[in-house]
Amino acid sequence: MKAKENKKSISTKSLVLSSLLIVTLAVFLSRVLPRLTSLSLHLSPGIRNTNMSSYAKELEVAQLAVQRAAILTKRVFHEKAKGTVSKDDKSPVTIGDFGAQALIISALKANFPDDEIVAEEEAAQLRQDPNLRQTIWDLVKSTQLSDPAAESLLGGTIKDEETMLTMIDYGNSKGGAKGRIWAIDPIDGTKGFLRGGQYAVCLALMVDGDVKVGVLGCPNLPVDDAAPLTGSMESGQTDEGRGVLFSGVLGQGATSRPLTTGALEKEKRISMRAITDIAAATFCESVEAGHSSHGDQAEIAKRLGITNPSVRMDSQAKYASIARGAGDIYLRLPVSASYQEKIWDHAAGDLIVREAGGAVTDIQGKRLDFSIGRTLQNNKGVIAAPAAAQPQVLKVVQEVLSKK
């Protein structure tokens with residue numbers, strides 16, 4: 001009888017101890033697990049929501065910076081460029097290049113002071129030419145966004161002439177595969193600009209050699225994304241209903257919105273046109289034969305069965321046009337074995353097309369490599385097309401070029 005009572009007592013004590021242990025363990029875990037989870041998220045940011053790395057501020061600053069610079073370029077055209085047909089040291093294009101670059105870099109430095117910048121112009125010429133410097137300064141100091149909050153985000157007006165020159169010279173980065181580097185082309189498509197045709201204000205952010213944000217301001221493209229491409233876009237396109245701001249962020253798609261002089265307008269998602277029959281596609285190509293081989297392109301179109309006339313326009317407006325489905329294929333075929341494309345001529349457009357459902361490669365089928373420096377040293381030519389059609393276009397391009 002005693003033995004049974006002892007066993008019962010031991011069993012009861014074990015049950016109590018087990019219960020106490022379970023309660024203690026539960027309290028411990030309830031307090032420690034949240035801290036462990038928080039710590040793991042802190043140490044491993046890659047497992048958090050990807051929106052935490054959305055480049056939202058970079059995108060907004062880039063969009064507003066391009067929009068403000070576009071105001072200056074349009075002023076230069078209307079006040080100084082009409083009737084001008086060349087780019088010399090004092091031409092309207094030079095004035096617009098310097099002024100737009102100063103405004104864009106000022107906005108970037110106000111928000112991202114440690115970032116490097118690759119740009120085309122340097123201020124040495126302006127330091128030696130007070131008249132040209134004064135002309136540019138008069139434009140820069142009087143160009144602002146009409147929305148006070150947007151202008152404030154960009155850092156406001158540049159302080160003085162010397163600061164303007166300093167801003168221009170910040171564009172001297174050598175580029176490369178490390179860190180945050182912006183690429184600027186203040187007026188891409190100089191002859192298009194002078195004709196009142198297509199040009200673009202271009203800005204892209206590269207992080208460790210990979211393009212993350214791209215913005216194109218195209219003042220003379222139709223606002224309507226559905227407007228077809230026509231040959232008349234080469235000139236006389238400065239009337240109302242024109243001016244588009246295109247944007248892309250890696251992994252987040254591409255958008256368009258009207259260019260304004262103030263705050264950002266509402267955006268619309270854009271995508272490349274689905275091609276069910278390659279023969280129905282439309283080519284975009286450079287106006288200047290010195291930029292791309294028109295003869296080779298005509299042969300490529302013939303082999304693909306494309307009968308629509310190619311639309312020729314200047315600048316990265318070609319990338320923007322095919323990204324929103326106004327055209328389909330952009331070819332930039334090599335005209336020189338030694339020429340190296342500049343990164344600022346392609347970085348923003350490359351990203352926007354890819355985010356709109358396209359593929360962009362060189363004539364060997366390699367992705368454009370923005371990590372080498374200020375040029376695309378590892379690439380020759382550019383082929384941009386809807387992703388599904390890219391292999392077919394690439395194959396024909398290689399066949400045509402192999403016979404040269």
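Index from 1, following the sequence.
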For [X] and [Y], work out which heavy atoms get closest and say how close.
{"X": "Pro92", "Y": "Leu194", "result": "CB-CD2, 4.5 Å"}
{"X": "Ala348", "Y": "Ala204", "result": "N-CB, 3.7 Å"}
{"X": "Pro391", "Y": "Ala388", "result": "CD-O, 3.7 Å"}
{"X": "Gly243", "Y": "Val223", "result": "O-CG2, 3.5 Å"}
{"X": "Ala107", "Y": "Ala65", "result": "CB-CB, 3.8 Å"}
{"X": "Met167", "Y": "Ser106", "result": "SD-CA, 3.7 Å"}

Within the structure provided, determine whether [X] and [Y] are in side-chain contact (heavy-atom separation under 4.5 Å).
{"X": "Tyr319", "Y": "Val382", "answer": "yes"}
{"X": "Ile329", "Y": "Ile306", "answer": "yes"}
{"X": "Leu331", "Y": "Ile383", "answer": "yes"}
{"X": "Trp344", "Y": "Ile184", "answer": "no"}
{"X": "Asn220", "Y": "Phe77", "answer": "no"}
{"X": "Ile105", "Y": "Asp169", "answer": "no"}
{"X": "Ile158", "Y": "Lys141", "answer": "no"}
{"X": "Pro219", "Y": "Leu259", "answer": "yes"}

_Check against side-chain hydrogen bond (donor to acceptor under 3.5 Å, both in side chains), Thr163 and Asp160_ = CA-CA 5 Å; Thr163 303; Asp160 51 37; 2.7 Å; yes
[atom2] on [Y] to [atom1] on [X], rounded to 0.5 Å:
{"X": "Gln67", "Y": "Leu103", "atom1": "CD", "atom2": "CG", "answer": "13.0 Å"}
{"X": "His346", "Y": "Thr375", "atom1": "NE2", "atom2": "OG1", "answer": "10.5 Å"}
{"X": "Lys318", "Y": "Cys218", "atom1": "NZ", "atom2": "SG", "answer": "10.0 Å"}
{"X": "Ser310", "Y": "Ile300", "atom1": "OG", "atom2": "CD1", "answer": "10.0 Å"}
{"X": "Leu205", "Y": "Leu59", "atom1": "CG", "atom2": "CG", "answer": "10.5 Å"}
{"X": "Leu139", "Y": "Thr73", "atom1": "CG", "atom2": "OG1", "answer": "10.5 Å"}

*List the steps, then state whether side chain to side chain contact (heavy atoms under 4.5 Å, CB included) holds for Ile352 with Gln316.*
CA-CA 10 Å; Ile352 290 169; Gln316 291 187 65; over 6 Å; no
Would you mind checking if [Y] and [X] are paired as a salt bridge, meaning a charged N to carboxylate O distance below 4.0 Å?
{"X": "Glu151", "Y": "Arg68", "answer": "yes"}
{"X": "Glu399", "Y": "Lys403", "answer": "no"}
{"X": "Glu162", "Y": "Arg127", "answer": "yes"}
{"X": "Asp314", "Y": "Arg195", "answer": "yes"}
{"X": "Arg133", "Y": "Asp129", "answer": "no"}

Side chain [X], main chain [Y], donor-acceptor under 3.5 Å:
{"X": "Glu285", "Y": "Tyr330", "answer": "no"}
{"X": "Ser152", "Y": "Pro148", "answer": "no"}
{"X": "Asn111", "Y": "Leu153", "answer": "yes"}
{"X": "Asp97", "Y": "Ile187", "answer": "yes"}
{"X": "Glu122", "Y": "Gly171", "answer": "no"}
{"X": "Thr261", "Y": "Ser146", "answer": "no"}
{"X": "Lys380", "Y": "Tyr339", "answer": "yes"}

_When you compare the side chains of Gln101 and Glu121, does any donor N or O come within less than 3.5 Å of an acceptor on the partner?_
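Glu121 and Gln101 do not have a side-chain donor-acceptor pair below 3.5 Å.
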_Can you pull out every side chain to side chain donor-acceptor pair (under 3.5 Å) where at least one residue sits in residues 203-218? Sequence neighbours excluded, please._
Asp210-Lys212
_Asp328 and its side-chain contact (heavy atoms from CB on, under 4.5 Å) partner, picked from Ile322, Ile278, Thr282_ = Thr282
*Among pairs that include at least one residue of residues 363-377, which meet salt bridge (charged side-chain N to carboxylate O under 4.0 Å, His left out), considering only residues two or more places apart or in two chains?*
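Residue pairs passing salt bridge (charged side-chain N to carboxylate O under 4.0 Å, His left out), neighbours aside: none found.
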For [X], all residues meeting side chain to side chain donor-acceptor pair (under 3.5 Å), sequence neighbours excluded:
{"X": "Gln134", "value": "Asp138"}
{"X": "Thr307", "value": "none"}
{"X": "Asp362", "value": "Asn379"}

_Pair Gln198, Leu221 - check side chain to side chain contact (heavy atoms under 4.5 Å, CB included), show working._
CA-CA 7 Å; Gln198 299 310 318; Leu221 277 181; 3.3 Å; yes
*Would you sort out whether Lys57 and Phe112 count as a side chain to side chain contact (heavy atoms under 4.5 Å, CB included), showing the intermediate values?*
CA-CA 10 Å; Lys57 182 179 181 182; Phe112 315 107; 4.0 Å; yes
*asked:* Distance to the ring centre below 6.0 angstrom and angle to the axis at most 45 degrees; does that hold for Arg324 and Phe246?
replied: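 Checked: cation-pi criterion not met.
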*Step by step, would you call Leu108 with Asp115 a side chain to side chain contact (heavy atoms under 4.5 Å, CB included)?*
CA-CA 8 Å; Leu108 295 178; Asp115 289 6; over 6 Å; no
Table please: side-chain donor-acceptor pairs of residues 263-271 below 3.5 Å, with sequence neighbours left out.
from, atom 1, to, atom 2, distance (Å)
Lys268, NZ, Asp225, OD2, 3.4
Arg269, NH1, Gln252, O, 2.7
Arg269, NH2, Gln252, O, 3.3

